Amino acid sequence: LLGLPNAGKSTLIRAVSSARPKVADYPFTTLHPNLGVVRVGAEKSFVMADVPGLIEGAADGAGLGIRFLKHLQRTRILLHLVDIAPIDPDADPIRDARAILEELRKYDEKLYAKPRWLIINKIDLVPEEEREARIAALIEGYGTVDRHFVISGLTGDGCKPLTFALMDA
């Protein structure tokens with residue numbers, strides 16, 4: 001799981017696994033990677049890794065940057081969580097998501113080229129009449145993506161299809 005601080009990474013891993021990382025409404029609640037076993041059947045499971053939020057400049061060492069970009073190199077699929085309903089009125093989900101992509105590219109082209117799925121999170125905070133347009137705008141502005149899912153880590157909406165697709169992958 002990668003994304004900005006407060007994108008919902010820890011909330012998602014809590015929703016789909018038995019991991020219980022701290023969840024709070026301030027940046028950098030997660031300071032160390034958390035691993036959770038996601039069970040999708042009696043004999044089917046995989047490990048999901050929740051790393052601290054990345055910020056612009058992470059590839060140059062800003063925040064907890066390089067330490068956690070290294071963890072992402074060991075994964076098979078990157079799940080890029082993007083908060084579609086940020087509290088900050090100056091936040092722009094498209095700009096912020098693209099900034100994270102640029103950090104991946106600056107750090108390591110191989111990491112940037114890994115299979116990456118866009119996970120649009122916090123859909124429960126978007127009024128129903130605005131959802132379709134905001135999702136379409138985010139997907140278009142994000143650029144090329146292998147797959148995308150729309151979820152609410154808090155309510156669990158959309159999490160099952162995501163975990164089943166991950167297991168299949």
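The structure presented is a predicted model; accordingly, all values stated were derived computationally and were not measured.
Atom CD of E128 sits in a sparse spot, with 12 or fewer heavy atoms from other residues, nucleotides or ligands closer than 6.0 Å. Counting non-hydrogen atoms of other residues, nucleotides and ligands closer than 6.0 Å to CZ of R95 gives a total above 12. The number of heavy atoms from other shown groups lying within 6.0 Å of CD (E129) is above 12.
A donor-acceptor contact closer than 3.5 angstrom is absent between the side chains of H148 and Y142. Side-chain N/O atoms of S152 and D124 include a donor and acceptor closer than 3.5 Å.
A distance of 12.5 Å separates CG in L162 from CG in D157, rounded to the nearest 0.5 Å. Between the OG1 atom of T163 and the NZ atom of K160 there is a distance of 5.5 Å, given to the nearest 0.5 Å. Separating the CG atom in L1 from the CG atom in L78 is a distance of 10.0 Å, to the nearest 0.5 Å. Here the straight-line distance linking atom CG of L79 with atom CD1 of I119 works out to 5.0 Å at 0.5 Å rounding.
Put simply, the side chain of L111 reaches to within 4.5 Å of the side chain of L104, judged on heavy atoms. For the pair S17 and M48, the minimum side-chain heavy-atom distance is 4.5 Å or more. Inter-residue side-chain proximity for L4 and I100 is flagged as met; some heavy-atom pair is nearer than 4.5 Å. For the pair R147/L118, no side-chain contact is recorded, criterion being any heavy-atom separation below 4.5 Å from C-beta on.
The shortest non-hydrogen separation linking I84 to K122 is CG2-O, 3.9 Å. Contact between V37 and S45 at its shortest, heavy atoms only, is CG1-CB, 3.9 Å.
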Residues L2, L81; criterion side chain to side chain contact (heavy atoms under 4.5 Å, CB included); working and verdict | CA-CA 6 Å; L2 74 127; L81 261 77; over 6 Å; no

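Here the rule is side chain to side chain contact (heavy atoms under 4.5 Å, CB included) with I139, and of I94, I120, V150 only I120 fits it.
For residues 109-133, the pairs satisfying ring-ring contact (aromatic ring centres under 6.0 Å, His included) are W117-F149, with sequence neighbours left out.
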